[in-house]
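Every heavy atom of this structure was used, including side-chain atoms; hydrogens, water molecules and symmetry mates were not. Keep in mind that what you see is a predicted model, and the values were worked out from it rather than measured. Below, chains carry the letters A, B, ... as their sequence lines are ordered, and counting in each starts from 1.
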Amino acid sequence: MKKTPLVVVVGATASGKSEMVLELAEKFNGEIICADSRTIYKGMDIGTAKPSSEDRLKIKHHLLDIVAPDEEFNAAEFKRLANRTIEEIKGRGKIPFLAGGTGLYISGVVYDYGFGDKKDPLIRTRLEKETTEDLKKKAKKLALTEDDINFKNRRHLIRAIERGGIIKGDDKLRDNCLILGIDIGQDELKSRIRKRIDRMIKSGLEKEVRKLVSMYSFNAAGMDAICYKEWQSYFAGEQSLAELKEEMYKNTWQYARRQKTWFRRDKNIRWATSSDEASVLVYQF
RNA sequence: GCAGGGUUAGUGAAGCGGUCAAACACGUCAGACUGUAAAUCUGAUGGCUUAUGCCUUCGUAGGUUCGAAUCCUACACCCUGCA
């Protein structure tokens with residue numbers, strides 16, 4: 001008797017992940033776990049291109065709408081919840097599909113990242129008050145070198161110190177796991193992003209953002225999301241609608257590129273250009 | 001038509017005789033990432049596969065100078081004051 005596999009689907013925003021997993025989950029009797037750092041927020045629907053309620057009726061989607069935009073959430077928490085959900089789905093005799101664009105969230109569960117379980121929040125707040133120079137000295141004492149960590153990235157520096165060193169996973173893929181990557185051409189991706197932005201605006205993005213701002217303000221944790229944060233200067237009258245759209249496009253393209261470089265280095269990803277190709281890979285698996 | 005301001009690399013914008021292939025910002029390309037990750041950060045960015053090297057750039061054409069993006073002349077286009 002074979003163990004139930006875990007099928008992972010990754011890809012840049014707007015590459016067609018959601019449609020693809022939906023198709024696969026229907027075909028293979030599965031449920032979907034969304035690995036996305038923004039669709040976890042309640043009320044942030046249009047701008048995050050969250051799966052529609054129709055789609056959610058067809059196939060069960062997990063880890064959507066689990067926190068309010070002003071609540072804290074992180075990769076470690078995601079890993080915990082995702083692992084639990086995977087077991088639940090398996091318990092129901094179904095295949096879990098983990099899909100999303102947040103590389104860290106995916107890697108966290110697939111490569112079993114050790115997220116520094118012993119972290120003491122007091123240490124962190126203390127570290128955050130120190131100057132970068134002091135942090136560097138501390139890092140040197142811990143024998144952290146430039147190669148270990150980017151000293152100019154304060155955030156990474158602090159984390160490395162609080163952990164007492166660099167924890168590198170051995171990059172061993174979890175058992176019985178298939179990672180599918182969607183690869184569409186650059187031009188195709190760019191035009192899909194543009195179309196999606198137009199669609200979002202037509203669907204009432206502005207209204208959604210206004211509502212969220214009135215409830216939480218732009219400073220809320222989730223509100224630094226692309227397609228949300230850009231509205232601030234538009235609302236202030238500093239930008240035209242065309243400029244706003246351009247800004248949204250630019251930011252999502254830059255994000256897509258960052259996603260691509262994250263996924264590019266993962267040699268376990270099996271790249272597919274269509275869902276038929278993906279289906280074949282799943283069958284073989 | 002007369003007077004004044006402007007024209008700089010993909011874009012915006014500094015520079016106003018040498019140390020200028022030309023600050024800076026944005027974009028673009030590449031990279032990093034193990035508890036904020038749609039975040040945060042790094043590098044490259046005129047060409048020459050490597051350069052403390054060479055070549056071609058600062059509206060166009062000439063000129064002055066040992067030396068010009070920087071000064072002079074003419075021309076083109078753009079904005080402004082008087083007509």
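Under 4.0 angstrom from either OP1 or OP2 of G27(B) there lies at least one side-chain N or O belonging to K250(A). Within the 4.0 Å cut-off from OP1 or OP2 of C29(B), at least one side-chain nitrogen or oxygen of W253(A) is found. At least one side-chain nitrogen or oxygen of T102(A) sits closer than 4.0 Å to the OP1 or OP2 atom of A38(B). An OP1 or OP2 oxygen of U34(B) is reached within less than 4.0 angstrom by no side-chain nitrogen or oxygen of Y113(A). OP1 or OP2 of A37(B) lies within a sub-4.0 Å distance of a side-chain N or O belonging to Y105(A).
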Report the C-alpha distance between Y41(A) and E71(A) in whole Å, list the side-chain angles of each, state the deciding distance to 0.1 Å, and finish with yes or no for side-chain hydrogen bond (donor to acceptor under 3.5 Å, both in side chains). CA-CA 9 Å; Y41(A) 293 115; E71(A) 282 179 87; over 6 Å; no

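Contacts of D36(A) with the nucleic acid, taken as non-hydrogen atoms under 4.0 Å apart, include base atoms. At the heavy-atom level, K79(A) lies nowhere under 4.0 Å from the strands shown. Using a 4.0 Å heavy-atom cutoff across all strands shown, G47(A) reaches at least one base atom of the nucleic acid. T48(A) comes within contact range of at least one nucleobase, with a heavy-atom separation under 4.0 Å.
In this pair, W231(A) and Y234(A) present their aromatic rings perpendicular. The plane angle is above 60°, beyond the 30 to 60° band.
For the ring-ring contact (aromatic ring centres under 6.0 Å, His included) condition, the pairs that include at least one residue of residues 44-102 of chain A, sequence neighbours left out, are F78(A)-Y105(A).
Spacing between C26(B) and U64(B) at atom P, rounded to whole Å, works out to 44 Å.
Nearest-nucleotide positions on RNA chain B for T39(A) and Q254(A) put Q254(A) closer to the 5' end.
Under 3.5 Å, the side chains of T13(A) and Q259(A) contain a donor-acceptor pair of N or O atoms.
A donor-acceptor distance shorter than 3.5 angstrom exists from the side chain of K79(A) to the backbone of Y113(A), with no hydrogens or angles considered.
Other residues, nucleotides and ligands contribute at most 12 non-hydrogen atoms within 6.0 Å of the NZ atom of K60(A).
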Canonical and wobble pairing (Watson-Crick, G-U, under 3.5 Å) of RNA chain B, dot-bracket with |: ((((((((.[[[..)..(.....]]]((((((.......))))))(((....)))...[[[[[..)....]]]]]))))))).

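Distances were taken from every side-chain heavy atom of T261(A) (C-beta onward) to each of A37(B), G31(B), A39(B); the shortest belongs to G31(B).
Residue M44(A) is grouped with residue F235(A) when hydrophobic side chains (ILVMFWY) are merged at heavy-atom distances under 4.5 angstrom, including chains of intermediate members. Transitive grouping of hydrophobic side chains (ILVMFWY, heavy atoms separated by less than 4.5 Å) brings L24(A) and L22(A) into a common cluster.
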Close N or O pairs between protein and nucleotides 41-44 of chain B (under 3.5 Å):
from	atom 1	to	atom 2	distance (Å)
C41(B)	O4'	N153(A)	ND2	3.3
C41(B)	O2'	N150(A)	OD1	2.1

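Checked for salt-bridge contact, R80(A) and E77(A) meet the test: a charged N lies under 4.0 Å from a carboxylate O.
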